[in-house]
Amino acid sequence: KYVLRLRNVGVTYSGGVVALRSTTLDFFQREFSVLLGLSGAGKSTLLRSLNLLVKPTSGEIVSSDFGVLGPTGALRQHRRRTALIFQHHQLIERHTALANVLTGRLGYHNTLRSFFPLPRADLELALHCLERVGLADKSMTRVDQLSGGQKQRVGIARALAQQPNIILADEPVASLDPATSEKILELLRQVCKEDGITAIVSLHQLEYAQRFADRIIGLAGAHVVFDGAPDELNDDN
Ligand code: ADP
Ligand code: ADP
């Protein structure tokens, strides 16, 4: 059974740009899907429509747990279980890794002061998430002291602290060198499998998609032009 379903979803931006033509797709638990396409293909529009950061102009998004996502409780519940990972990680640079992970757990405040007293369970969970991404020894390091790959690991730890059932990652390795990119994609794939998360990740490198994806959804000109396993993708597509 699907976790998340797009039913005839189309997106036209104000101004008339058609960024996604009517698209129907199901996403499943423990599935690592890659949205693959050139810049402007519609990847980020599709990804953002999955938690209604972009509002579909036609069709609907259905969560198996919460129903049709609309301006009701369903959307809020869905967003709570849907973690976002960005190209530019969107961490607070002058805060520690731990503080950033806690904001994912406890809400997006500007200052940690509003968290106190901090429930012990939240602190332990945040530390556990940092450990899972290999940054146990960096919890008290300010983000601006970390490398690009370490920052993206903090972004993943912050996502995990939300205990998500869905992770949406928009070009998570676009700013990283090849060796670091591979390690980050490996880590994302691993947490998807271990925690049974539905992971939907946009990329523009075919090579990474073929290595890490269970399923590749190819986008071009606002259309899905391919949907299948990496080994079904050949020169005809
Ligand atoms: P990326 O390819 O890294 O997503 P873009 O330049 O496509 O970067 O988009 C950056 C931001 O600008 C996004 O929030 C996107 O939604 C928005 N954007 C992209 N194209 C347009 C456009 N034609 N008009 C208005 N906003 C746009
Ligand atoms: P990708 O993520 O594959 O680069 P996008 O979903 O960002 O593609 O963009 C798809 C198309 O929609 C592009 O033509 C882009 O310029 C346009 N677009 C993206 N965001 C906006 C926006 N906020 N307003 C208007 N046009 C946009």
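First listed ligand is number 1; within each ligand, the first listed atom is number 1. No experiment lies behind these values; they were computed from the predicted model shown.
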Between S202 and D170: side-chain donor-acceptor atoms closer than 3.5 Å | yes

Numbered in order shown, the ligand 2 atoms found under 4.0 Å of a heavy atom of A41 are 1 (P), 3 (O), 8 (O)

contact_flag G15 ligand 2 heavy-atom lt 4.0 Å = no

Could you tell me whether K183 and D177 make a salt bridge, using a distance below 4.0 angstrom between a side-chain N and a carboxylate O?
-> no

Taking only Lys NZ, Arg NE, NH1 and NH2, and the carboxylate oxygens of Asp or Glu, determine whether D144 and K151 approach each other closer than 4.0 Å.
-> no

Part of L47 within contact of ligand 2 (heavy atoms, under 4.0 Å) = neither

Relative to the heavy atoms of L38, which atoms of ligand 2 are at a distance of less than 4.0 Å?
-> 3 (O)

Hey, is ligand 2 close enough to G42 that some N/O pair sits below 3.5 Å?
-> yes

V17 N/O to ligand 2 N/O under 3.5 Å = no

Are E186 and Q190 close enough that a side-chain donor and a side-chain acceptor fall under 3.5 Å?
-> no

Check if G37 has a non-hydrogen atom at a distance under 4.0 Å from any atom of ligand 2.
-> no

So do L4 and T198 actually touch side chain to side chain, heavy atoms under 4.5 Å?
-> no

Which ligand 2 atoms are under 4.0 Å away from a heavy-atom of A19?
-> 10 (C), 11 (C), 12 (O)

State, without any angle test, whether Y13 and T45 hold a side-chain donor-acceptor pair at a distance under 3.5 Å.
-> yes

Do L35 and Y2 belong to the same hydrophobic cluster, where Ile, Leu, Val, Met, Phe, Trp and Tyr are linked whenever their side-chain heavy atoms lie under 4.5 Å apart, directly or via other members?
-> no

Is there any N or O on K43 that sits under 3.5 Å from an N or O of ligand 2?
-> yes

